[in-house]
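What follows is a set of notes on a single structure, which appears directly below.
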Amino acid sequence: MPPSHLHAPLLAWYAASSRDLPWRAADRTPWGVLVSEVMLQQTPVDRVLPVWLEWMRRWPTPAALAAEPPGEVVRAWGRLGYPRRALRLHEAAQACVLRFGGEVPHEPEQLRSLPGVGDYTSAALESFAFGRRAVVLDTNVRRVLARLLTGSEHPRPTINAAERALAASVLPDLDREAALWSVAVMELGALVCTAASPSCGACPVSATCTWVALGKPAYDGPERPVQKFAGTDRQVRGRLMAVLREAHAPVPKPALDAVWDDAVQRERALDGLVADGLAEPLANGRYRLPGVGGTIDA
DNA sequence: GAGACGTGGGG
DNA sequence: TCCCCAAGTCT
């Protein structure tokens, strides 16, 4: 249970300053929360918002999404990035239909069995969709608790048992309060206690923040991993997928070859997309998003 | 447990 | 321009 000097001001701040996001609305559904959580894995809210609205309009239930060919789902995913998430969401929808009566399940182990649902997303669904107490530990919560409680500017590169226990120790005991606490801490991390330039002057709990009390010391923990992108297979895959998404007929190989000069890397990337189920090779040497179109171009 | 996996905005 | 960053998951 968080001490009241943290709990009360944070909840007051959340009531006054949180964003009105549709997946938090009173009429939200577990399915809508699941879609939002998967889309928000590594993608900012502003970019997710329009895509989420369109998805919920087209596919308001797991069954609606499950009935689509995977390629159509990948196309609607657009430029959110990491399109394998779209495939996993499609598979998760099918699992809901086949195994859970068309509903998003509410038991943690059932949630964890869904493709694309890991520790974080499972806890987020427990908490935000079903109103149950769960330790929600995403990058925002980790950063806020690191600063507030341990005085470190950033959390360690990987979650360990001690960090999870600390998060659990400040989580309210009751379901409703726990869910509210988690979403409020997340929101504080997203809007105020940001990674690069926190607005401590606007923070409702800066008076009791350990990191502030220590004079905001620079991070001195283990090296934090940096991701390369330019020149990687990931960049090539992205370009290939952009061509396939925008095409509404099977794509001739030369159109794919045009996106990258290095043939070895290009073929490796394309093979990877096929292996992942993101691209479908046709008999005539053309490619398309999996299952779309129906007609086999001759 | 390290590395793979997209995309685009901001400093 | 370059680098960091954004509600992680999977292998």
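Hydrogens, waters and symmetry mates are skipped; everything else that's a heavy atom, side chains included, is used. Reminder, nothing fancy here: chain letters follow the sequence lines and each chain counts from 1.
At least one side-chain heavy atom of A:Leu11 sits under 4.5 Å from a side-chain heavy atom of A:Leu180. Considering only heavy atoms from C-beta on, A:Ile159 comes within 4.5 Å of A:Arg164 through its side chain. Side-chain atoms of A:Glu163 and A:Leu166, non-hydrogen and from C-beta on, never get closer than 4.5 Å to each other. The closest side-chain heavy-atom distance from A:Val236 to A:Gln265 is below 4.5 Å. Using a 4.5 Å cut-off on side-chain heavy atoms (C-beta onward), A:Trp55 and A:Leu65 make contact.
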Report the C-alpha distance between A:Arg266 and A:Asp261 in whole Å, list the side-chain angles of each, state the deciding distance to 0.1 Å, and finish with yes or no for salt bridge (Lys or Arg N to Asp or Glu O under 4.0 Å). CA-CA 8 Å; A:Arg266 195 179 63 227; A:Asp261 286 335; over 6 Å; no

Checking salt bridge (Lys or Arg N to Asp or Glu O under 4.0 Å) for the pair A:Lys253/A:Glu267: CA distance, chi angles, key distance, verdict? CA-CA 11 Å; A:Lys253 188 70 184 330; A:Glu267 293 306 315; 2.8 Å; yes

Could you please spell out the steps behind the salt bridge (Lys or Arg N to Asp or Glu O under 4.0 Å) verdict for A:Arg57 and A:Glu54? CA-CA 5 Å; A:Arg57 186 190 65 74; A:Glu54 173 66 6; 2.8 Å; yes

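For residues 76-88 of chain A, every residue pair satisfying the side chain to side chain donor-acceptor pair (under 3.5 Å) rule, not counting sequence neighbours, is listed here: A:Thr43-A:Arg85.
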Identify each donor-acceptor pair in which a side-chain atom of residues 184-192 of chain A lies under 3.5 Å from a protein atom, sequence neighbours left out, and give them as a table.
from, atom 1, to, atom 2, distance (Å)
A:Glu187, OE1, A:Arg19, NH2, 2.8
A:Glu187, OE1, A:Arg24, NH2, 2.6
A:Glu187, OE2, A:Arg19, N, 2.9
A:Glu187, OE2, A:Arg19, NE, 3.0
A:Glu187, OE2, A:Arg24, NH1, 3.2

Can you list, pair by pair, the side-chain donor-acceptor contacts under 3.5 Å of residues 30-37 of chain A, counting residues two or more places apart and other chains?
from, atom 1, to, atom 2, distance (Å)
A:Trp31, NE1, A:Trp59, O, 2.9
A:Ser36, OG, A:Val33, O, 2.8
A:Glu37, OE1, A:Tyr120, OH, 2.7

Show me, pair by pair, the donor-acceptor contacts under 3.5 angstrom made by side chains of residues 204-216 of chain A, not counting sequence neighbours?
from, atom 1, to, atom 2, distance (Å)
A:Ser206, OG, A:Cys203, O, 3.4
A:Thr208, OG1, A:Val205, O, 3.3
A:Thr210, OG1, A:Leu148, O, 2.6
A:Trp211, NE1, A:Pro217, O, 2.9

Do any N or O atoms of the protein come closer than 3.5 Å to N or O atoms of nucleotides 3-5 of chain B, and which pairs are they?
from, atom 1, to, atom 2, distance (Å)
B:dC5, O4', A:Arg84, NH2, 3.0
B:dC5, N4, A:Gln227, OE1, 3.1
B:dC5, N4, A:Gln227, NE2, 2.5

Can you check nucleotides 8-11 of chain B for protein contacts, nitrogen or oxygen pairs under 3.5 Å, and list what you find?
from, atom 1, to, atom 2, distance (Å)
B:dG8, OP1, A:Arg79, NE, 3.0
B:dG8, OP1, A:Arg79, NH1, 3.3
B:dG8, O4', A:Arg47, NH1, 3.4

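With sequence neighbours excluded, the residues satisfying side chain to side chain contact (heavy atoms under 4.5 Å, CB included) with A:Ser113 are A:Arg99, A:Phe100. Every residue meeting the side chain to side chain contact (heavy atoms under 4.5 Å, CB included) condition with A:His106, not counting sequence neighbours, appears here in chain and number order: A:Phe130, A:Arg132.
Nucleotides B:dG1 and C:dT9 are separated by 14 Å at their C1' atoms, to the nearest Å. Using atom C1' as the reference point in both B:dG6 and C:dC5, the two lie 14 Å apart (nearest Å). Between C:dA6 and B:dC5, the distance separating the two C1' atoms is 15 Å to the nearest Å. Between the C1' atoms of C:dG8 and B:dG10, the separation comes to 22 Å (whole Å). Spacing of C1' atoms, C:dT1 relative to B:dG8, comes out at 15 Å, to the nearest Å.
Here A:Arg142 lies out of heavy-atom contact (under 4.0 Å) with every strand. Residue contacts shown for A:Val136 are absent, as no nucleic acid heavy atom lies under 4.0 Å away. Base engagement by A:Thr43 is indicated by at least one non-hydrogen atom pair under 4.0 Å involving a base atom. Note on A:Leu21: a base of the nucleic acid sits closer than 4.0 angstrom, heavy atoms only. Base contact: A:Trp23 has a heavy atom under 4.0 Å from a base atom.
Residues from residues 114-128 of chain A placing a heavy atom under 4.0 Å of any atom in DNA chain C, listed by number, are A:Pro115, A:Gly116, A:Val117, A:Gly118, A:Asp119, A:Tyr120, A:Thr121. Residues of residues 144-166 of chain A that place a heavy atom closer than 4.0 Å to DNA chain B do not occur. Interface residues of residues 256-265 of chain A facing DNA chain B, ordered by number: none; criterion, heavy-atom separation under 4.0 Å.
Atom CG of residue A:Asp175 and atom CD of residue A:Glu126 lie 9.5 Å apart, to the nearest 0.5 angstrom.
A:Arg143 and A:His154 form no side-chain donor-acceptor contact under 3.5 Å, judged by distance and modelled atom types alone.
At a threshold of 4.0 Å, the pair A:Arg75-A:Glu72 counts as salt-bridged, since one of the basic side-chain nitrogens sits closer than that to a carboxylate oxygen.
Heavy atoms of other residues, nucleotides or ligands lying less than 6.0 angstrom from CZ of A:Arg156 number 12 at most. For A:Glu107, the CD atom is densely surrounded, since the number of other residues' heavy atoms within 6.0 Å is greater than 12.
You can see that DNA chain C meets the heavy atoms of chain A within a 4.0 Å-exclusive cut from C:dC4 to C:dC10, reading 5' to 3'.
Toward the 5' end of DNA chain C, the nearer of the two residues A:Arg88 and A:Arg19, judged by each one's closest nucleotide, is A:Arg19.
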